[in-house]
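Read through the structure below, which is laid out as structure tokens, and then see the notes.
Residue numbers begin at 1 in each chain, while the letters A, B, ... track the order of the sequences.
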Amino acid sequence: MEIQFDLADKPFNLDYTLGCGQVFRWFRSKEWWYGIIGKTIVRVRQASDRLIIQSFPENKETKLVFSEYFGLGENLKEILSRIDKDGEIHNAIQKYNGLRIIRQDPWECLISFICATNTNISNIQRMIQNICQRYGNEIFYKRKKYYSFPTPDILAKAKIEDIQKCGLGYRAKYIISVSNKIASNPTLLEELEQHDYHAAKNSLVGKELGNKTFKGVGAKVADCILLFSLNKTIAFPIDIWIIRTIIEHYSHLYDVGFISRIKEKVYTKKGSISIKEYNLLQKRMVEYFGEFSGYAQEYLYLHTRNKVLS
DNA sequence: ACCCAGGCGATTG
DNA sequence: CAATCGCATGGG
């Protein structure tokens, strides 16, 4: 049995949505994408105006869960028209029309983006795959093995050396620390969705009792969590690709001196941007693109990245 | 051998 | 405070 969504007049592109680096556990084989949503094993394919989903196990809520996960409730056409403000974003929207922001599990998102610092996407995928193989539960479906994403209490009890063996290196200690935090307060992340962007972000990057609540979570990682799992469409993560986009196409939004300093850092590879520079880069972009800045970020990110890598 | 990859935390100045 | 500097790991 399978579920279908009618995509007529709804921009949606499965390849861009699953392949743009917001989720790391999906893989494509021929026309199907394979993945796990919650505890449900899923394969998905797109046939022009339909999204076809086969899943195991199924229940009555499955269709609603999938609709939510893929962001099908959002009026993407309207959102894209709101951020379509210049030639560069216009080209990105034309090329990647149908890219949607997924509403993924905040816990998985938190761990995934702690892994995502100072590395590349294929390595992130490998780290997370290793974590799931070692600490998740095996699920068999159609004679293939899948693994659930491990729970906070399982990772909290893990040995740091074992997590390092998953290829996480210096990130392993952050995983243990954050897992303990969530294991002792399981609803902490979900509660952040009730707060506005700034309050939620302060909780993610802030301190309590003098030390950081979420080690390994800085501004960039926090913005990814807010955008990809906590429904904060105003979040605009600043990464190296977006900085390149800004330098090339949005430098007029900044002081000349500021931009040249950013250029210097990026081109010479001498040091990363400071938190102040991060915040200013972000502030101007959000002023420019508005409440759906996060969508603009994703379109620009993919556009710039694929221009360079292809 | 060296550099880079969707930064962060600890340590300095 | 703000700026600088290791950091684990894998691939090119």
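Less than 4.0 Å separates DNA chain B from no heavy atom of any residue of residues 97-108 of chain A.
Summarising the geometry, the separation between CG on A:Asp223 and P on B:dG7 is reported as 13 Å, rounded to the nearest angstrom. At whole-Å resolution of the value, CD1 in A:Ile240 and C1' in B:dC8 are 15 Å apart. Following rounding to the nearest Å, A:Glu298 (CD) and B:dG6 (C1') show an atom-to-atom distance of 10 Å. One atom, NZ of A:Lys220, and another, P of B:dG7, lie 6 Å apart when rounded to the nearest Å. The separation between A:Ile114 atom CD1 and B:dA5 atom P is 22 Å, rounded to whole Å. The separation between A:Ile273 atom CD1 and B:dC8 atom P is 9 Å, rounded to whole Å. What separates CG of A:Leu204 from P of B:dG9 is a distance of 12 Å, to the nearest Å. Computed from coordinates, the A:Asn211 CG to B:dC8 P distance equals 18 Å when rounded to whole Å.
Tracing side-chain contacts under 4.5 Å through hydrophobic residues (I, L, V, M, F, W, Y), one reaches A:Ile124 starting from A:Ile175; they form part of the same cluster.
Straight-line distance between the C1' atoms of C:dA3 and B:dG6: roughly 23 Å, to the nearest whole Å. As rounded to the nearest Å, B:dC3 and C:dC7 have C1' atoms that lie 15 Å from one another. To the nearest whole angstrom, the two C1' atoms, one in C:dG11 and one in B:dA1, are 14 Å apart. Comparing B:dT11 with C:dA8, their P atoms sit 13 Å apart, to the nearest whole Å.
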Anything under 3.5 Å between a donor and an acceptor, one on a side chain of residues 135-150 of chain A, the other on a protein residue two or more places apart or in another chain? List them.
unit_1	atom_1	unit_2	atom_2	d
A:Ser148	OG	A:Asn137	N	2.9

Using distance only, find each side-chain donor-acceptor pair of residues 214-227 of chain A under 3.5 Å and give its atom names and separation, not counting sequence neighbours.
unit_1	atom_1	unit_2	atom_2	d
A:Asp223	OD1	A:Tyr197	OH	2.5
A:Asp223	OD1	A:Lys201	NZ	3.4
A:Asp223	OD2	A:Lys201	NZ	2.9
A:Asp223	OD2	A:Tyr278	OH	2.6
A:Asp223	OD2	A:Gln282	NE2	2.9

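Side-chain atoms of A:Thr245 and A:Thr304 form a donor-acceptor pair, as typed in the model, at a separation below 3.5 Å. Using modelled atom types and a 3.5 Å distance limit, the side chains of A:Ser112 and A:Glu108 yield no donor-acceptor pair. Side-chain polar atoms of A:Tyr34 and A:Arg43 form a donor-acceptor pair below 3.5 angstrom. Donor-acceptor pairing under 3.5 Å is lacking for the side chains of A:Asn97 and A:Tyr16.
Each of A:Pro237 and A:Lys212 has a nearest nucleotide on DNA chain B; the 5'-most of these lies closest to A:Pro237.
A:Ala219 comes within 4.0 angstrom of sugar-phosphate atoms only, judged by non-hydrogen atoms across all strands, and of no base. Contacts of A:Cys115 with the nucleic acid, taken as non-hydrogen atoms under 4.0 Å apart, are absent. Here A:Ile121 lies in heavy-atom contact (under 4.0 Å) with a base.
Crowding of A:Asn211 atom CG: a count of heavy atoms from other residues, nucleotides or ligands under 6.0 Å exceeding 12.
Within the structure, side chain to side chain donor-acceptor pair (under 3.5 Å) contacts touching residues 114-125 of chain A (residues at least two apart or in different chains) are A:Thr117-A:Tyr170, A:Thr119-A:Asn123, A:Asn120-A:Ser122, A:Asn123-A:Arg126.
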ask   = Quick one: what's the B/S/- string for nucleotides 2-12 of chain C, heavy-atom cutoff under 4.0 Å, read 5' to 3'?
value = S----BBBBS-

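In this view, A:Lys39 satisfies the side-chain contact (heavy atoms from CB on, under 4.5 Å) rule with no residue, not counting sequence neighbours.
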